[in-house]
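Here is the structure we will look at, set down as structure tokens.
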Amino acid sequence: MNDQKNAAQVGLGLRREMLSEFCESVPEAINFFEVAPENWMTLGGKFGRQFRELTEQHSFYCHGLSLSIGSPEPLDLAFVKNIKTFMDLHQIQIYSEHLSYCSGQGHLYDLMPIPFTDAAVKHVAARVKQVEDILERPLILENVSFYAAPGAHMSELEFVNAVLQEADCKLLLDVNNIYVNSINHQYDADTFLQAMPTERIAYLHIAGHYKQAEDLLIDTHGAAINDPVWALLQRCYALHGVKPTLLERDFNVPNTAELLLELNQIHAYQAAAPSSHIQNSAHVVKRIA
């Protein structure tokens with residue numbers, strides 16, 4: 001039963017405007033928070049004090065934005081060391097980043113797709129090891145949404161699995177990104193989901209998106225989760241077991257009562273999953289005392 005409890009965790013991306021409310025009381029439906037360290041590690045004053053108050057009492061994950069793991073430019077080692085300092089301060093053990101890049105000869109201000117090539121697989125894997133050596137923690141990589149695949153020599157599915165294998169790292173499986181990419185690039189979402197390595201999945205993301213056209217979805221994190229994505233989440237639990245699952249909502253953020261509807265829906269799907277599929281995710285949710 002304890003293993004089931006550890007796996008059946010539901011989290012919320014923390015935003016600055018939520019601090020005062022959650023310092024008063026955190027709903028039971030929220031088992032952990034996730035933050036982009038770039039947005040919090042230089043925060044001082046009232047917000048800094050409130051954030052520290054929450055990290056002292058609740059489980060936190062870090063989900064980065066600026067590591068640029070696939071960039072052709074050298075890693076920003078000073079930045080990685082700052083991430084470690086932040087995580088040490090707040091006793092956070094989980095750090096995930098996007099399997100993409102956002103810098104070249106300057107910052108690109110967007111998450112760009114890494115070319116799906118053997119050379120890119122080896123490049124990313126070497127950089128993963130570099131980051132892990134500095135952080136003294138695993139680096140978890142997320143499958144990303146993308147709108148073009150320049151220079152691809154393999155499929156997205158082949159690339160993701162090759163990177164995970166070469167780097168020997170864990171996966172943050174974004175269920176919404178699978179669905180968005182399946183529509184935009186005309187592949188079967190269930191086939192992609194089935195091919196993900198169960199033993200490497202550390203936790204999940206789920207979010208809403210914007211439908212610009214029948215064959216073009218935009219990954220916005222700015223809307224409610226729709227039925228096909230909910231169905232894919234249920235299928236994910238059936239295939240890979242219940243994993244800690246994070247609700248992302250970055251724009252058009254509703255009040256907590258509305259967010260709780262989706263958070264509790266995730267809880268309900270976790271509870272309904274066959275118990276034989278529950279995976280032990282204690283290593284993901286454990287925090288240093």
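These values consider heavy atoms only, across backbone and side chains, with no hydrogens, waters or symmetry-generated copies.
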Worksheet, complete the sentence: So the salt bridge (Lys or Arg N to Asp or Glu O under 4.0 Å) pairs with at least one residue in residues 250-274 (sequence neighbours excluded) are Arg15-Asp250
Worksheet item: Residues two or more places apart in sequence or in another chain: which of them pass side-chain contact (heavy atoms from CB on, under 4.5 Å) with Thr256?
Response: Glu21, Phe22, Pro27, Leu260
Just list the side-chain donor-acceptor pairs under 3.5 Å for residues 160-167, sequence neighbours left out, or say none.
| unit_1 | atom_1 | unit_2 | atom_2 | d |
| --- | --- | --- | --- | --- |
| Asn161 | ND2 | Ala195 | O | 3.3 |

Practice prompt. Verify whether one side chain among His90 and Glu56 offers a donor that lies under 3.5 Å from an acceptor in the other.
Written response: no
Worksheet item: Quick one: side-chain contact (heavy atoms from CB on, under 4.5 Å) partners of Asn31, sequence neighbours excluded?
Response: Gln9, Val10, His267
Worksheet entry | Within residues 153-165 or reaching into it, pairs that qualify as salt bridge (Lys or Arg N to Asp or Glu O under 4.0 Å) - sequence neighbours excluded | none
Worksheet item: Looking at residues at least two apart in the chain, or sitting in another chain, which of them share a side-chain contact (heavy atoms from CB on, under 4.5 Å) with His209?
Response: Asn176, Tyr179, Val180, Leu217, Asn226, Val229
Practice prompt. Please identify each residue that fulfils side-chain contact (heavy atoms from CB on, under 4.5 Å) with Ala36, with sequence neighbours left out.
Written response: Glu38, Asn39, Leu65
Item to complete: Quick one: list whatever passes salt bridge (charged side-chain N to carboxylate O under 4.0 Å, His left out) with Arg235, sequence neighbours left out.
Response: Asp190
Item to complete: Could you tell me which non-hydrogen atom of Ile114 sits nearest to which non-hydrogen atom of Ala120, and how far apart they are?
Response: CG2-CB, 3.7 Å
Discussion item. Filter on side chain to side chain donor-acceptor pair (under 3.5 Å), then keep only pairs touching residues 117-132, sequence neighbours left out; what's left?
Written reply: none
Item to complete: Classify the angle between the aromatic ring planes of Phe116 and Phe146 as parallel (below 30°), tilted (30 to 60°) or perpendicular (above 60°).
Response: perpendicular
Worksheet item: Where the side chain of Arg137 meets the backbone of Leu135, is there a donor-acceptor pair that is under 3.5 Å apart?
Response: yes
Response to the item:
With sequence neighbours left out, the residues meeting side-chain hydrogen bond (donor to acceptor under 3.5 Å, both in side chains) with Asn255 are none
Worksheet item: Is the closest side-chain heavy-atom distance between Gln270 and Thr245 below 4.5 Å?
Response: yes
Worksheet item: Residues in side-chain hydrogen bond (donor to acceptor under 3.5 Å, both in side chains) with Glu24, at least two apart?
Response: none
Fill in: ring-ring contact (aromatic ring centres under 6.0 Å, His included) partners of Phe192, counting only residues at least two apart
Tyr187
Worksheet entry | Any donor-acceptor pair under 3.5 Å from Thr55 side chain to Arg52 backbone | yes
